[in-house]
Engineer: 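Have a look at this one.
Just so you know, these numbers come straight off a predicted model, no measurement behind them.
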Amino acid sequence: MTTTRLCLIRHGETTWNAEKRLQGHTNIPLNAKGETQARQMAQALKDTRFTFDVLYTSDLKRAVDTAAALVQLFGVVAQVDSNLRERHFGALQGLSINEAPLLRPDIWQAHITRALDHELEGGESIRQFALRVQKVLDRIEEQYSGKTVLMVSHGGTLDMMYRIASNQALSTQRVASVPNASLNWLTHRLDSGWVVEQWADTRHLKGSALENVDL
């Protein structure tokens with residue numbers, strides 16, 4: 001039975017992560033801790049003699065910078081794909097989780113209750129986001145069937161992939177942790193589709209990793 005394996009990596013920490021500020025499509029770089037986390041993640045994969053067929057990354061700087069540690073250590077070229085971006089959080093982008101309920105209470109309420117068709121004033125609805133992520137998974141399976149794909153993306157994007165693989169409803173609250181620089185594994189077989197193999201592995205990091213607040 002042909003098995004496609006997908007290793008998903010959330011980008012390293014940013015200053016906005018530390019401030020619990022919603023990033024979305026805002027192009028925020030890694031902070032010093034995030035750069036260290038990226039190197040630790042890459043080295044951990046190298047130490048296990050991990051092999052893969054292709055490396056993909058979101059085009060946002062925090063993901064590209066995380067992927068750069070893999071590029072340097074493995075000597076590969078990263079394929080940049082804007083469809084791997086975080087969800088666009090519209091008017092909430094740039095606000096912290098403490099500021100948003102005060103400054104945009106209506107939009108924040110739609111966000112935390114997971115109103116599936118609300119675009120957060122100029123952003124991306126959950127349904128739109130889910131469709132984008134599903135198309136990525138479908139394309140990866142079609143193009144790299146039987147291969148191992150390494151992918152650097154974002155907390156919300158990885159959570160959506162977890163939902164798709166585990167058949168979790170879009171309207172339900174998050175159940176999966178997505179720490180910075182974590183390793184997360186999905187596999188695909190013709191008889192079972194995508195399934196979660198392992199999730200939220202941060203054993204390679206020296207120190208704690210922040211959870212995702214963008215969901």
Side-chain angles (χ1 to χ4, degrees), residues 1-12 23-24 41 44-45 48 50-60 62-63 66-67 70 78-89 111 114-117 124-205 209-215:
M1 181 70 69
T2 301
T3 300
T4 306
R5 201 166 187 219
L6 186 53
C7 178
L8 304 168
I9 300 164
R10 186 186 174 203
H11 62 79
Q23 295 178 117
M41 172 274 300
L45 289 175
T48 62
F50 176 68
T51 59
F52 55 94
D53 296 286
V54 64
L55 169 63
Y56 272 89
T57 180
S58 156
D59 65 334
L60 295 176
R62 56 193 184 271
T66 302
L70 294 159
Q79 306 295 319
V80 179
D81 189 344
S82 62
N83 288 313
L84 293 175
R85 284 186 175 195
E86 179 62 273
R87 181 186 173 194
H88 193 306
F89 292 107
H111 178 55
R114 299 190 62 83
L116 298 183
D117 295 306
E124 190 174 18
S125 74
I126 292 174
R127 288 193 203 276
Q128 292 167 342
F129 182 42
L131 181 60
R132 169 161 65 88
V133 174
Q134 181 69 66
K135 286 181 177 179
V136 169
L137 288 176
D138 291 345
R139 178 168 51 82
I140 290 295
E141 167 52 25
E142 180 180 353
Q143 189 170 354
Y144 297 103
S145 179
K147 306 287 188 181
T148 297
V149 179
L150 193 54
M151 184 178 290
V152 182
S153 190
H154 305 268
T157 312
L158 269 58
D159 174 75
M160 186 59 70
M161 291 183 180
Y162 179 97
R163 288 173 182 272
I164 291 168
S166 62
N167 295 312
Q168 183 188 354
L170 297 180
S171 59
T172 58
Q173 296 301 310
R174 173 171 62 115
V175 298
S177 172
V178 193
N180 285 121
S182 58
L183 299 175
N184 310 273
W185 302 86
L186 302 181
T187 56
H188 184 280
R189 297 180 182 88
L190 291 179
D191 62 341
S192 57
W194 289 104
V195 296
V196 178
E197 182 179 306
Q198 187 179 2
W199 203 260
D201 185 358
T202 57
R203 291 174 294 175
H204 52 283
L205 299 179
L210 296 175
E211 298 287 341
N212 189 31
V213 302
D214 286 350
L215 307 179

Engineer: Do Met161 and Trp194 make a side-chain contact, defined as non-hydrogen atoms from C-beta onward lying under 4.5 Å apart?
Structural biologist: no
Engineer: Check Asn180 against Leu205 and note the closest heavy-atom contact, atom names and distance.
Structural biologist: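 The pair with the smallest heavy-atom distance is O-CD1, 3.5 Å.
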Engineer: Hey, what do you get for SG (Cys7) to CG (Leu45), rounding to the nearest 0.5 Å?
Structural biologist: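 That separation rounds to 5.5 Å.
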Engineer: Does Arg85 reach the main-chain N or O of Thr157 with its side chain, forming a donor-acceptor pair under 3.5 Å?
Structural biologist: no
Engineer: With a 4.5 Å heavy-atom cut-off, do Thr57 and Met151 have their side chains touching?
Structural biologist: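 No. Closest side-chain heavy atoms not under 4.5 Å.
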Engineer: Charged N to carboxylate O under 4.0 angstrom, Arg174 versus Asp159?
Structural biologist: no
Engineer: Can you list the steps and then say if Leu183 with Trp199 is a side chain to side chain contact (heavy atoms under 4.5 Å, CB included)?
Structural biologist: CA-CA 7 Å; Leu183 299 175; Trp199 203 260; over 6 Å; no
Engineer: Apply ring pair (Phe, Tyr, Trp, His ring centres under 6.0 Å) to the pair Phe50 and Trp185, showing each step before the final yes or no.
Structural biologist: CA-CA 13 Å; Phe50 176 68; Trp185 302 86; 5.5 Å; yes
Engineer: For Ser145 and Thr4, work out which heavy atoms get closest and say how close.
Structural biologist: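 Where Ser145 meets Thr4 most closely, the heavy atoms are CA-OG1, 3.3 Å.
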Engineer: For a side chain to side chain contact (heavy atoms under 4.5 Å, CB included) check, start with the C-alpha distance between Tyr56 and Tyr144, then their side-chain angles and the critical distance, and finish with the verdict.
Structural biologist: CA-CA 12 Å; Tyr56 272 89; Tyr144 297 103; 3.0 Å; yes
Engineer: In Å, rounded to the nearest 0.5 Å, how long is the span from CG of Leu55 to CD of Gln79?
Structural biologist: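 Output value for this atom pair is 8.0 Å.
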Engineer: How many angstroms lie between atom CG of Leu6 and atom OG1 of Thr187, to the nearest 0.5 angstrom?
Structural biologist: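 The OG1 atom of Thr187 is 9.5 Å from CG of Leu6, to the nearest 0.5 Å.
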Engineer: Using the side chain to side chain contact (heavy atoms under 4.5 Å, CB included) rule, take Leu150 and Leu70 through it: C-alpha gap first, then chi angles, then the decisive distance, then the call.
Structural biologist: CA-CA 10 Å; Leu150 193 54; Leu70 294 159; 3.9 Å; yes
Engineer: Are Thr66 and Met41 close enough that some pair of their side-chain heavy atoms sits under 4.5 Å apart?
Structural biologist: yes
Engineer: Of all the heavy-atom pairs spanning Gly155 and Glu86, show the shortest one and how long it is.
Structural biologist: N-OE2, 3.7 Å
Engineer: Taking atom CD of Gln198 and atom CG of Asn184, what is their separation to the nearest 0.5 Å?
Structural biologist: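 It comes to 8.5 Å.
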Engineer: Where do His188 and Thr3 land on the side chain to side chain donor-acceptor pair (under 3.5 Å) test, with the steps shown first?
Structural biologist: CA-CA 6 Å; His188 184 280; Thr3 300; over 6 Å; no
Engineer: Is there a side chain to side chain contact (heavy atoms under 4.5 Å, CB included) between His154 and Leu60 once you walk through the steps?
Structural biologist: CA-CA 9 Å; His154 305 268; Leu60 295 176; 3.7 Å; yes
Engineer: State the CD1-CG distance between Ile126 and Leu131, to the nearest 0.5 angstrom.
Structural biologist: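 Separation between the atoms: 14.0 Å.
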Engineer: Testing the basics here: between Ala200 and Ser177, what is the closest heavy-atom pair and its distance to 0.1 Å?
Structural biologist: CB-O, 3.6 Å
Engineer: Using modelled atom types and a 3.5 Å cut-off, is there a donor and acceptor pairing between side-chain atoms of Ser125 and backbone atoms of Gln128?
Structural biologist: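 Yes; at least one donor-acceptor contact below 3.5 Å.
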Engineer: Could you note down all residue pairs passing salt bridge (Lys or Arg N to Asp or Glu O under 4.0 Å) where residues 135-155 supplies at least one of them, sequence neighbours left out?
Structural biologist: Asp81-Arg139
Engineer: Answer yes if the side chains of His11 and Ser153 hold a donor-acceptor pair under 3.5 Å, and no otherwise.
Structural biologist: no
Engineer: Test of understanding: with ring pair (Phe, Tyr, Trp, His ring centres under 6.0 Å), list the residues that count as partners of His204, not counting sequence neighbours.
Structural biologist: none
Engineer: Using a 4.5 Å cut-off on heavy atoms from C-beta on, say whether the side chain of Gln168 contacts that of Val175.
Structural biologist: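 Yes. Closest side-chain heavy atoms under 4.5 Å.
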Engineer: Using every non-hydrogen atom in the two residues, find where Val196 and Ala165 come nearest and quote the distance to one decimal.
Structural biologist: CG2-CB, 3.9 Å
Engineer: Hey, what do you get for CZ (Arg114) to OG1 (Thr172), rounding to the nearest 0.5 Å?
Structural biologist: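 One finds 6.5 Å between CZ of Arg114 and OG1 of Thr172.
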Engineer: Quick one: salt bridge (charged side-chain N to carboxylate O under 4.0 Å, His left out) partners of Asp201, sequence neighbours excluded?
Structural biologist: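 Applying salt bridge (charged side-chain N to carboxylate O under 4.0 Å, His left out) to Asp201 gives Arg203.
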Engineer: How close do Leu158 and Ile9 get, heavy atom to heavy atom, and via which atoms?
Structural biologist: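 Minimum heavy-atom contact is CD2-C, 3.9 Å.
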Engineer: Does the Glu124 side chain pair with the main chain of His88, one donor and one acceptor, at a distance under 3.5 Å?
Structural biologist: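 Side chain of Glu124 to backbone of His88: a pair is present.
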